[in-house]
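To keep things clear, I will list the structure first and then write my remarks on it.
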Amino acid sequence: MKRTDCYDLNTNGIVVMVEPYSQREQRNLVIYRILDANLDRAREGLRIIEEWCRFGLNNAQLTGECKGMRQELASWHTADLRSARDTLGDPGTELTHPQEEQRTSIKSLLQANFCRVQEAMRVLEEYGKLYNPNMGKALKQMRYRVYTLESNLMGYQRHQLLLRSHLYLVTSPTDKLLEIVEAALKGGLTLVQYRDKNVDDAVRLQQAQKLRQLCHNYNAIFIINDRVDIALAVDADGVHLGQQDMPIAVARQWLGPHRIIGRSTTNADEMQRAIKEGADYIGVGPVYETPTKEGKPAAGLEYVSYVAKNCSIPWFAIGGIDPNNINDVIDAGAKRVAVVRGIMQAEQPTLVTQYFLSQLNRIQPDPDHSYVESNYYPDQW
Ligand SMILES: Cc1ncc(COP(=O)(O)OP(=O)(O)O)c(N)n1
Ligand SMILES: Cc1nc(C(=O)O)sc1CCOP(=O)(O)O
Ligand SMILES: [Mg+2]
């Protein structure tokens, strides 16, 4: 029912007449309320994401993108939509999802809010068409901008974590795979590569899925050795490709701009080419001959020193590195190392991980130590 103010000629006073809404008016009112509620929802969700981009990441570009979309949403939030609001009569204000009360990490908070914004924009797109055809079109475009923002933000976080990762565990086959990797994660590891050259794909896929979940629970990056298809199938953070593996350009087409691609290098030419081809990091080795990569001659500490002086992207010294020689590798200029046996065959993987990290962090103190803390609080960001 709507109220209409009328002038009563007999009493010289105002009377309030109540007359029923027409069906069309009722329909419009419902649409206005839906649009009003979802404009609020989308703007609130964007604001939550924007605060992280601004204060958490200090990233002006991502912050500006959130703000731009909030402002565009505000321009659709007209007075007629606002005046249709009926908070007291809205049963939805009482409803909360149990997960809203128990977010455990910034990552899950961001994911939940991206979801909320995308849902709200989908609603605005559909109901908006009934209000103003341009609104439907504008909201469709904005929803795609949100998908891009999500992918950029998650990719940015991933690359930031790569930069902060100084120790890289490359796994070897063992019955205790998950146990050992988890022990290393507990020691502060933030970068893991799943490598098993001799296993059926069905098992490889299963192991990769379990490892990915484990790594993400500990806020660690999870990379697949050799196989772009497995990386995509398990939604890994990236792949590591050797000189005989898929070209970086082809892998990039499959993986998109935000996943990590690593490349093995043994000499200056391979290093330069990997950088030019768009690798996100390189492996540098073998520093020492190693049974894990039998038959591959050592590139030696000279190559490590060369890379230290000439490489513009993150790089990991690899091959035969253990607690006894890590300081020689560091002295040659390495800030990051990758190991297989050093952790996979250690009696106490947590302790040895902590030792490796302590040496790497001692030489190269990280200005941003938040990543160290994040490993004591699994899945923190
Ligand atoms: C970090 C890192 N560096 C080098 C390698 C070796 O890759 P590749 O040469 O392709 O040899 P395989 O590992 O596939 O035997 C690596 N895996 N990780
Ligand atoms: C997988 C791998 N790639 C290397 C390279 O130089 O490209 S060396 C290597 C094995 C490293 O194993 P460990 O730490 O047990 O010596
Ligand atoms: Mg390979």
Side-chain angles (χ1 to χ4, degrees), residues 162-163 165-174 177 180-181 184 189-199 204 208 211 215 220-231 236-248 250-251 260-271 273-275 277 279-304 306-307 311 313-326 328-329 332 334-346 349 352-353 355-356 359-360:
L162 174 67
L163 287 177
S165 297
H166 291 249
L167 179 65
Y168 190 175
L169 169 62
V170 180
T171 67
S172 55
T174 158
L177 182 61
I180 296 171
V181 172
L189 183 74
T190 48
L191 182 55
V192 175
Q193 179 190 133
Y194 173 47
R195 177 178 183 270
D196 190 339
K197 311 289 284 187
N198 300 306
V199 73
R204 183 176 282 125
L211 280 173
C215 290
I221 297 171
F222 179 58
I223 304 285
I224 299 277
N225 181 243
D226 292 344
R227 297 283 297 271
V228 173
D229 56 343
I230 303 278
D237 295 300
V239 286
H240 184 90
L241 302 170
Q243 295 291 323
Q244 271 75 49
D245 298 321
M246 187 184 277
I248 292 176
V250 179
I260 293 167
I261 300 182
R263 182 66 127 194
S264 316
T265 69
T266 350
N267 55 52
D269 278 356
E270 289 176 358
M271 180 199 89
R273 213 173 324 121
I275 295 172
E277 288 171 359
D280 295 298
Y281 74 84
I282 54 170
V284 169
V287 180
Y288 304 106
E289 277 186 17
T290 165
T292 315
K293 192 88 185 144
E294 228 167 5
K296 196 167 180 187
L301 289 172
E302 301 71 34
Y303 180 47
V304 172
Y306 173 84
V307 177
C311 190
I313 60 174
W315 56 278
F316 294 84
I318 184 169
I321 299 172
D322 61 31
N324 295 316
N325 60 24
I326 184 167
D328 299 336
V329 184
K335 294 173 185 166
R336 298 181 178 84
V337 302
V339 298
V340 179
R341 288 166 306 146
I343 291 176
M344 295 305 293
Q345 292 183 13
V352 90
T353 298
Y355 176 75
F356 278 133
Q359 297 310 296
L360 291 159

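Start at 1 and go down the list; that is how both ligands and their atoms are numbered.
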Name the residue from K197, H240, Q244 that meets the side-chain hydrogen bond (donor to acceptor under 3.5 Å, both in side chains) definition with D226. K197

Got an N/O contact under 3.5 Å between Y281 and ligand 1? no

Students should be able to answer this: which protein heavy-atom is nearest to atom 14 (O) of ligand 1, and at what distance? K197 NZ, 2.5 Å

Between G320 and ligand 2, is there a nitrogen or oxygen pair with a distance under 3.5 Å? yes

Atoms of ligand 1 under 4.0 Å from any heavy atom of G283, numbered from 1 in the order shown, are 3 (N)

For T290, is at least one N or O under 3.5 Å away from an N or O on ligand 2? yes

Relative to the heavy atoms of G242, which atoms of ligand 1 are at a distance of less than 4.0 Å? 8 (P), 9 (O), 10 (O)

Nearest protein heavy atom to atom 7 (O) of ligand 2, by residue and atom, and its distance? K296 NZ, 3.2 Å

Say whether F316 and ligand 1 are in contact under the criterion: heavy-atom distance to a ligand atom below 4.0 Å. no

Derivation of the side-chain contact (heavy atoms from CB on, under 4.5 Å) call for D280 and I313: CA-CA 7 Å; D280 295 298; I313 60 174; over 6 Å; no

I'd like to know if the side chain of D196 and the backbone of R204 have a donor-acceptor N/O pair within less than 3.5 Å. no

Are any non-hydrogen side-chain atoms of T265 and V284 less than 4.5 angstrom apart? yes

Under 2.8 Å from the Mg ion (ligand 3), which protein atoms of type N, O or S occur, listed by chain and number? D226 OD1, D245 OD2

Heavy-atom distance under 4.5 Å between the side chains of L189 and F356, does that happen here? no

Sub-3.5 Å donor-acceptor pair from the side chain of Y194 to the main-chain atoms of I224, do we have one? no

Just verifying a value: how many Å separate L169 CG and C215 SG, rounded to the nearest 0.5 Å? 8.5 Å

Passing candidate, side-chain contact (heavy atoms from CB on, under 4.5 Å) with T292, options V340, I318, V170: V340

Heavy-atom gap Q345 to ligand 2 smaller than 4.0 Å: no

Measuring only between side-chain heavy atoms, which start at C-beta, is L191 closer than 4.5 Å to I223? yes

Yes or no on side-chain contact (heavy atoms from CB on, under 4.5 Å) for M271 and W315, after CA distance, side-chain angles and deciding distance? CA-CA 10 Å; M271 180 199 89; W315 56 278; over 6 Å; no

What protein heavy atom is closest to atom 1 (C) of ligand 1, reported as residue, atom name and distance in Å? Y168 CE1, 3.5 Å

Any heavy-atom pair between the side chains of V337 and L167 that's under 4.5 Å? yes

Sub-4.0 Å heavy-atom contact, K293 with ligand 1: yes

Heteroatom proximity flag, P286 to ligand 2, N/O under 3.5 Å: yes

Ligand 2 to G285, heavy atom cutoff 4.0 Å, flagged ligand atoms 6 (O)

Nearest protein heavy-atom contact for atom 15 (O) of ligand 2: which residue, which atom, what distance? T292 OG1, 2.6 Å

Within the 4.0 Å heavy-atom shell around V339, which atoms of ligand 2 are there? 14 (O)

Any donor-acceptor pair under 3.5 Å from R341 side chain to S172 backbone: no

Name the closest protein heavy atom to atom 2 (C) of ligand 1, giving the residue it belongs to and the distance to 0.1 Å. H240 CE1, 3.2 Å

Would you check if Q243 and R263 make a side-chain contact, meaning some heavy-atom pair closer than 4.5 Å? yes

Would a 4.5 Å heavy-atom cut-off, applied to side chains only, mark V329 and Y288 as touching? yes

Under 4.0 Å from one or more heavy atoms of D226, ligand 1 contributes atoms 10 (O), 14 (O)

Side chain proximity check, T171 to I180, heavy atoms < 4.5 angstrom: no

For D245, atoms of ligand 1 separated by under 4.0 Å from a heavy atom: 10 (O)

Taking only residues two or more places apart in sequence, or in another chain, which ones meet Y168 in a ring pair (Phe, Tyr, Trp, His ring centres under 6.0 Å)? Y281, F316

Report the part of Q243 in contact with ligand 1, treating N, CA, C, O as backbone and CB onward as side chain, heavy atoms under 4.0 Å; options are side chain, backbone, both, neither. neither

How far is atom 14 (O) of ligand 2 from its nearest protein heavy atom, and which residue and atom name does that atom have? V340 N, 2.9 Å

Please step through side-chain contact (heavy atoms from CB on, under 4.5 Å) for the pair V339 and M344, ending with a clear verdict. CA-CA 8 Å; V339 298; M344 295 305 293; over 6 Å; no

I want to check something: taking the side chain as every heavy atom from C-beta on, are P323 and V352 in contact at a cut-off of under 4.5 Å? yes

In terms of residue, atom name and distance, what is the protein heavy atom nearest to atom 6 (C) of ligand 1? S264 OG, 3.1 Å

Measuring from atom 17 (N) of ligand 1, which candidate in Q193, R195, Q244, R336 has the nearest non-hydrogen atom? Q193

Those atoms of ligand 2 less than 4.0 Å from some heavy atom in R195: 1 (C)

Using non-hydrogen atoms of the residue, decide whether I318 is closer than 4.0 angstrom to ligand 2. yes

